[in-house]
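What follows is a short report on a single structure.
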Amino acid sequence: MNIQKLTSLAHSAKMRSIVSLFDQKERVDDFSISTPHLHLDYSKQNITDVELEQLIEIAQGVSLSEEITKQFSGVKINNTEERSVLHTVLRAPQVVKQQILGETLANEVEAAEQQMANVVNNVQNGILTGHTGKRFTDVLAIGIGGSYYGVKVSLSALEHYRDLRLAVHFIANVDGGALEEKLKKLNSETTLVVVISKTFTTQETMLNAKAVKQWMLSCASVEEPKLNNVAAIIEKHWFAVSSNIEAAKEFGINVKHILPMWDWVGGRFSLWSTVGLPLALAIGNDNFNKLKQGAYEMDMHFKSTDFKHNMPVIMALLGIWNRNALEYPTLAILPYAHSLRALPGYLQQTDMESNGKSVSKSGDKLSWLTAPVVFGQEGTNGQHAFMQLMHQSDDIIPTDFIVALKGRSQYTENHKVLVANCFAQSEALMQGKTLQQVKIELEMSDLSADEISLIAPHKTMKGNTPSNTLVMDSLTPETIGSLLALYEHKIFVQGVLWQVNSFDQWGVELGKQLGARILSAIDGAEDDLLSASSQSLIARFRDRSKVTPSV
Ligand code: F6P
């Protein structure tokens, strides 16, 4: 990427106010893009059309179009794992699956989709029941990372589409507190368990699955000893989603209840696969297919639209502009919808686990920075948490606001206030408030001149913070599918420009290795290679039994 060109371009941007760019009357129209389910207003970004053109040239300079074609056609672009990246094919029509995957594999994928749809139908119509013949009332999804976030964000976004006869719960963290909190709410007779793990080796997931299995068997042995047939309980209640079929069978799950996934679908991009089973159980097959349709429509927009009018490409280039030209290290994701409260967490994995790297695909140290630190939470809660910093610290924090024009609840006044706050925050972050403006305002009050000069500096706001506002008509399966696909493609484009492999995650390995060593040290093994700090902490943990708990 021509980083020098970016840096020279940014010089004038750093000297101007975003507000001044609105002297160009048609700015809002020129800096907006609409797709079938989303509208992007990026006019509050600190960028001119000339600068955007330069960014587009940089994208063309790294053969972005060819890279997009390679990804969609199954070239092994995940070069360090020698894998294709084909989550997109999972939401394409069968004929496209056959073109890309070939007849045999396409048929396997279709069979897996059918297997998943049958599970959903048979649970919903009571054909699949627990071992005592009772309908399932709860689904417990055990998984972490990409085997959790995609389903979590979609389920909370589509809460209104949920079959109220079936509640879905998640166990991701290895913390036993989370496990106990869930299990005490569940009835083992009517709980369906789905273990989701592409590798079927992830420590947290395996430990949680074992604990839930013990819980379910112990409940059965108490409630109906005569029926205490372990095999029947596991057979009836347990499903697995994995690419490691052998490990799932070894765990004791009936092979007919194991839904396959493939290594050419990355964990954090796997919602569209059989990983989506808990979501489909909650919202039904039709709505799950509409989610995939919304994503497919974004795929088509992404593949066929010129860069200037291409929503994922423009969002990616704006992110590069803010990160590498204007040198802003973070990105705030602020969904102004309670239903989208899980979106910041989902995007932390999708963005930071994909592009949080500093070595190029060919293994060379990069001379530019890559993924920003992504954070956020639902609006308006953020206004009572971190917006103070965003308005009055010297850090400029580019922001994505996401909002639905139509609310889901009967409380229309509340929704109007929610939307007004979203628009107000994006305006305030851009406009700010100068010392002069503060003084003029305060002069209308009964404060004395001395009091005004004392308080005024504390009331100035820096402004000049760039933001996108993504607007959807309402939260539907199509809009959510489109939204998630938009970010997937934005992150892909940024990976291409940063020249990183967005589809591996070697950075998580060291923590896992040290986790195993520290676990052994806690169990008594000597490990002099650990730091004195870790040794001391391990000793403190080992001696915890000597500490009398405070009441
Ligand atoms: O976070 C590391 C990671 O490998 C993710 O990429 C993945 O989604 C998660 O762990 C869970 O992995 P698995 O689905 O194999 O349990």
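Whatever order the structure lists them in is the order used to number ligands and atoms, beginning at 1.
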Check: Tyr346 ring centroid to Tyr487 ring centroid under 6.0 Å: no
Atom 6 (O) of ligand 1: protein heavy atom closer than 4.0 Å? yes
Lys292 with Glu478: basic N within carboxylate O range, under 4.0 Å: no
Protein heavy atom at shortest distance from atom 14 (O) of ligand 1: Ser147 OG, 2.6 Å
Val195, Thr202, Thr201: member with heavy atom nearest to atom 12 (O) of ligand 1: Thr202
Assess whether a salt bridge exists between Glu488 and Arg91, defined as any Lys/Arg side-chain N lying under 4.0 Å from an Asp/Glu carboxylate O. yes
Before signing off on this row, confirm whether Lys512 and ligand 1 have an N or O atom pair separated by under 3.5 Å. no
Heavy-atom side-chain contact between Thr191 and Val139 under 4.5 Å: no
Sub-4.0 Å atoms of ligand 1 with respect to non-hydrogen atoms of Gly146: 7 (C), 8 (O)
Give the atoms of ligand 1, by number and element, whose distance to some non-hydrogen atom of Gln349 is under 4.0 Å. 5 (C), 6 (O), 8 (O)
Atom 15 (O) of ligand 1: closest protein heavy atom, distance to 0.1 Å, is Thr199 OG1, 2.7 Å
So that I can tick it off, tell me whether Lys357 and Asp504 are bridged by a salt bridge, with the cut-off set at under 4.0 angstrom between side-chain N and carboxylate O. yes
Of the backbone atoms (N, CA, C, O) and the side-chain heavy atoms from C-beta on, which set of Gln505 has a member under 4.0 Å from an atom of ligand 1: side chain, backbone, both, or neither? side chain
Using a distance-only test with no angle check, is there a side-chain donor-acceptor pair under 3.5 angstrom linking Asp395 and Tyr328? no
Relative to each other, are the rings of Phe375 and Phe386 parallel, tilted or perpendicular (30° and 60° limits)? perpendicular
So, His37 and Glu297: side-chain donor and acceptor under 3.5 Å apart, yes or no? yes
Backbone or side-chain N or O of Thr205 under 3.5 Å from ligand 1 N or O: no
What is the closest protein heavy atom to atom 3 (C) of ligand 1, and at what distance does it sit? Glu353 OE2, 4.3 Å
Top protein contact for atom 9 (C) of ligand 1, by heavy-atom distance: Ile144 O, 3.7 Å
